[in-house]
Amino acid sequence: MAAAVIIFDFDKTIIDCDSDNWLIDELGATPLFESLLPTMPWNTLMDRIMMELHAQGKTIDDFAEVLKRAPLDRHVASAIKFAHALGCDLRIVSDANVFYIETILKHHGLVGCFTEINTNPSYVDAEGRLRISPYHDFTSSSHGCPLCPPNMCKSKIMERIRAEGKKKIIYLGDGKGDYCPSLRLGESDFVMPRKNYPLWDLIQSDPGLLKAEVHEWSNGEELERVLLHLIRFSEFLDSNGSATAQLLSGDCKMVSMPGKSPEPLPKVLPVLL
């Protein structure tokens with residue numbers, strides 16, 4: 001069995017930006033985006049923007065080249081590769097979309113590290129336009145969670161992952177959509193909120209609502225240090241240490257594990273009584 005199941009948000013967690021905004025800004029569609037934003041749901045808006053950009057002559061290759069330039073800290077890439085090499089089961093649960101995420105991960109040689117990517121569907125239609133649709137079709141039914149956006153409740157995805165037999169989870173995120181799954185984590189789980197981002201603010205507002213242990217991080221270097229510490233010095237590793245005996249080949253091959261003792265972790269957020 002994998003040493004741990006690690007669930008990553010994508011925007012502002014794996015990459016250091018919002019992928020929708022990055023693409024829109026880089027392709028000069030910000031004024032159009034801002035004019036349409038008050039008029040339609042986010043997924044519908046992004047689908048419309050993609051069609052408008054196509055009408056302006058932008059191609060799917062143009063989109064891909066912009067996405068490949070999205071900032072991804074080398075420490076985050078290293079942490080993903082180490083976690084995969086140790087036998088952890090890595091998943092993505094994101095409100096981005098399939099094309100964005102796969103394009104970026106393939107560019108950085110990381111796509112093979114993930115067991116699955118849970119996000120909004122996307123495809124290129126017969127006319128070469130990128131089409132984006134919601135993960136949950138909120139026009140036909142509601143997922144029933146008042147904390148989450150209408151197109152995705154990340155808790156429902158996490159519950160399905162846990163039902164596969166996964167017992168212990170490390171969850172990394174930054175946004176409001178990551179709060180609901182954080183509330184559903186158990187005492188043996190960990191949540192890693194990005195400091196001074198919405199998830200961290202919500203946790204700080206009432207830490208006692210969470211059962212999981214909370215370890216904050218601010219940048220890619222801290223993410224790597226905290227995540228590897230939680231993996232190496234918890235009960236997530238196989239009892240005989242076999243997870244470290246052989247590193248995996250392919251895109252995610254690693255040369256070594258850090259040998260020195262880790263630096264102190266960022267503080268665990270206090271639980272208010």
Side-chain angles (χ1 to χ4, degrees), residues 1-15 18-20 43 46 64 67 70 72 76-124 130-137 143 145 148-149 151-175 177-182 184-186 189-192 199 212 223 227 230-231 236 238 243 247-254:
M1 179 179 290
V5 57
I6 305 176
I7 299 177
F8 290 84
D9 174 46
F10 188 72
D11 292 334
K12 300 181 183 178
T13 300
I14 290 180
I15 60 172
D18 179 278
S19 53
D20 283 326
N43 299 114
M46 293 312 303
L67 291 168
L72 194 159
V76 175
S78 175
I80 289 169
K81 291 176 180 179
F82 271 127
H84 177 69
L86 286 170
C88 296
D89 180 0
L90 277 57
R91 315 283 184 112
I92 290 176
V93 180
S94 166
D95 203 1
N97 68 76
V98 172
F99 178 77
Y100 290 3
I101 294 175
E102 288 190 348
T103 298
I104 293 170
L105 293 181
K106 287 177 182 177
H107 177 67
H108 291 277
L110 298 172
V111 71
C113 294
F114 292 92
T115 303
E116 65 176 12
I117 298 171
N118 301 275
T119 189
N120 297 300
S122 58
Y123 68 96
V124 181
L130 179 63
R131 306 302 307 272
I132 300 170
S133 56
Y135 180 86
H136 176 81
D137 183 7
H143 55 56
C145 178
C148 294
N151 66 296
M152 177 179 286
C153 174
K154 293 186 176 183
S155 283
K156 295 187 180 301
I157 300 171
M158 188 175 71
E159 288 169 359
R160 190 260 304 158
I161 292 172
R162 198 186 289 277
E164 297 173 7
K166 312 296 181 183
K167 295 183 178 179
K168 297 182 180 180
I169 290 175
I170 303 174
Y171 189 100
L172 297 89
D174 72 286
D178 299 307
Y179 186 57
C180 180
S182 297
R184 303 292 183 90
L185 294 170
D189 299 322
F190 297 98
V191 58
M192 291 178 54
L199 173 60
L223 182 153
L227 180 59
L230 293 179
I231 295 169
F236 291 153
D238 292 338
L247 297 177
L248 303 182
S249 61
D251 288 345
C252 295
K253 182 177 180 181
M254 297 303 297

request  = Go through Lys156 and Arg160 one step at a time and tell me if the side chain to side chain contact (heavy atoms under 4.5 Å, CB included) criterion holds.
outcome  = CA-CA 6 Å; Lys156 295 187 180 301; Arg160 190 260 304 158; over 6 Å; no
Polar side-chain atom of Ser122 near backbone of Phe99 as donor-acceptor pair, under 3.5 Å = yes
task = Could you tell me the separation between the NE2 atom of His84 and the OG1 atom of Thr115, rounded to the nearest 0.5 Å?
result = 8.0 Å
ask   = Within the side chain of Ser94, is there an N or O that forms a donor-acceptor pair under 3.5 Å with the backbone of Thr119?
value = no
task = Provide the closest heavy-atom pair for Asn120 versus Ser133 in the form atom of the first, atom of the second, distance.
result = CB-O, 3.2 Å
Exam field: side chain His136 to backbone Pro149, donor-acceptor pair closer than 3.5 Å = no
task = Verify, without hydrogens or angle tests, whether Thr13 (side chain) and Leu172 (backbone) share a donor-acceptor contact under 3.5 angstrom.
result = no
task = For a side-chain contact (heavy atoms from CB on, under 4.5 Å) with Phe114, tell me which candidate from Asp89, Ile6, Leu90, Ile101 qualifies.
result = Leu90
inquiry  = Quick check: do Cys180 and Cys145 have side-chain heavy atoms less than 4.5 Å from each other?
reply    = yes
query = Quick one: does Arg91's side chain get under 4.5 Å of Ile157's, heavy atoms only?
reply = no
query = Any donor-acceptor pair under 3.5 Å linking the side chain of Lys154 with the backbone of Val93?
reply = yes
request  = Kindly give the heavy-atom pair with the smallest separation between Ile169 and Met158, and that separation in Å.
outcome  = CD1-CG, 3.8 Å
inquiry  = Just so I know, are the side chains of Leu67 and His107 near enough to count as touching, which here means a heavy-atom distance under 4.5 Å?
reply    = no
ask   = What pair of heavy atoms forms the shortest contact from Ser182 to Leu199, and how long is it?
value = OG-CD1, 3.7 Å
ask   = Can you tell me how far CG of Asn43 sits from CG of Asp95, rounded to the nearest 0.5 angstrom?
value = 6.0 Å
message = Is any side-chain heavy atom of Arg162 closer than 4.5 Å to one of Asp189?
response = yes
query = Under 4.5 Å between any side-chain heavy atoms of Cys88 and Ile231, yes or no?
reply = yes
inquiry  = Checking the side chain of Asn118 only, and the main-chain atoms of Ile92 only, is there a donor and an acceptor separated by less than 3.5 Å?
reply    = yes
query = Do you know the tightest heavy-atom contact between Met192 and Leu230?
reply = SD-CD1, 3.9 Å
request  = Kindly compute the distance separating NE2 (His108) from CG (Leu105), expressed to the nearest 0.5 Å.
outcome  = 8.5 Å
key: Validation row: Ile14, Leu72 side chains within 4.5 angstrom (heavy atoms)   = yes
Which atom of Leu227 lies closest to which atom of Phe8, heavy atoms considered = CD2-CZ, 3.9 Å
request  = For Asp178 and Tyr171, test the side chains for any donor-to-acceptor distance below 3.5 angstrom and give the result as yes or no.
outcome  = yes
ask   = Does the side chain of Met46 reach to within under 4.5 Å of the side chain of Tyr100, using non-hydrogen atoms?
value = yes
task = Indicate the atoms forming the closest heavy-atom contact of Ile80 with Cys113, along with that distance.
result = CG2-CB, 3.8 Å
